[in-house]
Amino acid sequence: MKYWLIKSEPHDYSLADLQADGVEIWDGVRNYQARNFLREMAVGDRLFYYHSNTKPPGIVGLAKVTQANVVDPTQFDAEHKYFDPKATPEKPRWQTVKVGYTSTFATMITLTQLKENFTPDEFAVVRRGNRLSVMPVAEDVAKRLYALADYDGTA
DNA sequence: GCCAACGTTGGC
DNA sequence: GCCAACGTTGGC
């Protein structure tokens, strides 16, 4: 089992939205580095859910991978914002995963706290100018995040 | 709303 | 294949 961080703008799709939906396809990622991480994900992997472009930004809870290697259907839809004219059903370019809700932290871990606790080398999300929306989280970092959130690690 | 960072596009 | 222009992300 691996750990990852996924970003979402809460006014677009928040952790509460995922809680309401239960499971949702993580579509719309159009960055190759992020896609390559999505391709590496396996069922059961843990996802730290990060709210970006909000005050304050930070990790608000946990989700999990419920299905791996899912073809993102929005790439084929000419009407869709995430349409990719170079993708075909025979040769899709964008794979993703389905994510399931796990839990919401009693108190979020703000970006300020993340910067106080982790170096940019340890955790890319605190790197200045970082725009990657999917990134791996090292196991020791994940354990320290659990401690910061007062989360017992079971879900 | 500003702007730094940085990925992508397209002309050459 | 280089690189300037452009668009987007996302913190502040």
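Proteins come first, then strands; the chains are lettered A, B, ... in the order of their sequence lines, and each starts at number 1.
- For A/Arg144, the side chain to side chain contact (heavy atoms under 4.5 Å, CB included) partners are A/Phe118, A/Glu122, A/Asp140, not counting sequence neighbours.
- Aromatic pair A/Phe76/A/Trp94: centroids not less than 6.0 angstrom apart.
- Taking a 4.0 Å limit (strictly below) on heavy-atom distances, residues 80-88 of chain A does not reach DNA chain C anywhere.
- A/Thr66 has its side chain out of reach of A/Val99: every pair of non-hydrogen atoms, C-beta onward, lies at least 4.5 Å apart.
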Original post:
Would A/Gln113 and A/Met108 satisfy side chain to side chain contact (heavy atoms under 4.5 Å, CB included), going step by step from the backbone distance to the final call?
Top reply: CA-CA 10 Å; A/Gln113 283 178 279; A/Met108 71 181 293; 5.8 Å; no

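- A/Lys115 is not listed as a side-chain neighbour of A/Thr110, based on a closest heavy-atom distance of 4.5 Å or more.
- Remark: of the listed residues A/Tyr3, A/Tyr101, A/Trp26, A/Trp26 is the sole one forming a ring pair (Phe, Tyr, Trp, His ring centres under 6.0 Å) with A/Tyr49.
- Side-chain rings of A/Tyr146 and A/Phe48 approach one another, their centers coming within less than 6.0 Å.
- Side chain to side chain, A/Gln95 and A/Asn69 fail the donor-acceptor criterion of an N or O pair below 3.5 Å.
- Side-chain N or O atoms of A/His11 include none that pairs as donor or acceptor with a backbone N or O of A/Thr54 at under 3.5 Å.
- Comparing the axis of the opening five pairs of the helix from B/dG1-C/dC12 to B/dC12-C/dG1 with that of the closing five pairs yields an angle of 10°, rounded to 10°.
- Contacts between residues 108-120 of chain A and DNA chain C, counted as heavy-atom distances below 4.0 Å, involve A/Leu111, A/Lys115.
- Protein chain A contacts DNA chain C from C/dG7 to C/dC12, reading 5' to 3' and using non-hydrogen atoms of the protein with a distance under 4.0 Å.
- The only member of A/Arg39, A/Gln33, A/Arg35 that meets side chain to side chain contact (heavy atoms under 4.5 Å, CB included) when paired with A/Phe37 is A/Gln33.
- Here A/Lys7 lies in heavy-atom contact (under 4.0 Å) with sugar-phosphate atoms only.
- For the pair A/Met135 and A/Asn130, the minimum side-chain heavy-atom distance is below 4.5 Å.
- A distance below 6.0 Å separates the ring centres of A/Phe105 and A/Tyr151.
- Applying the salt bridge (charged side-chain N to carboxylate O under 4.0 Å, His left out) test to residues at least two apart or on different chains, the pairs with a partner in residues 61-87 of chain A are A/Arg30-A/Asp72, A/Asp84-A/Arg93.
- Projected onto DNA chain B by closest heavy-atom contact, A/Asn53 and A/Arg30 fall at different nucleotides, the more 5' of which corresponds to A/Asn53.
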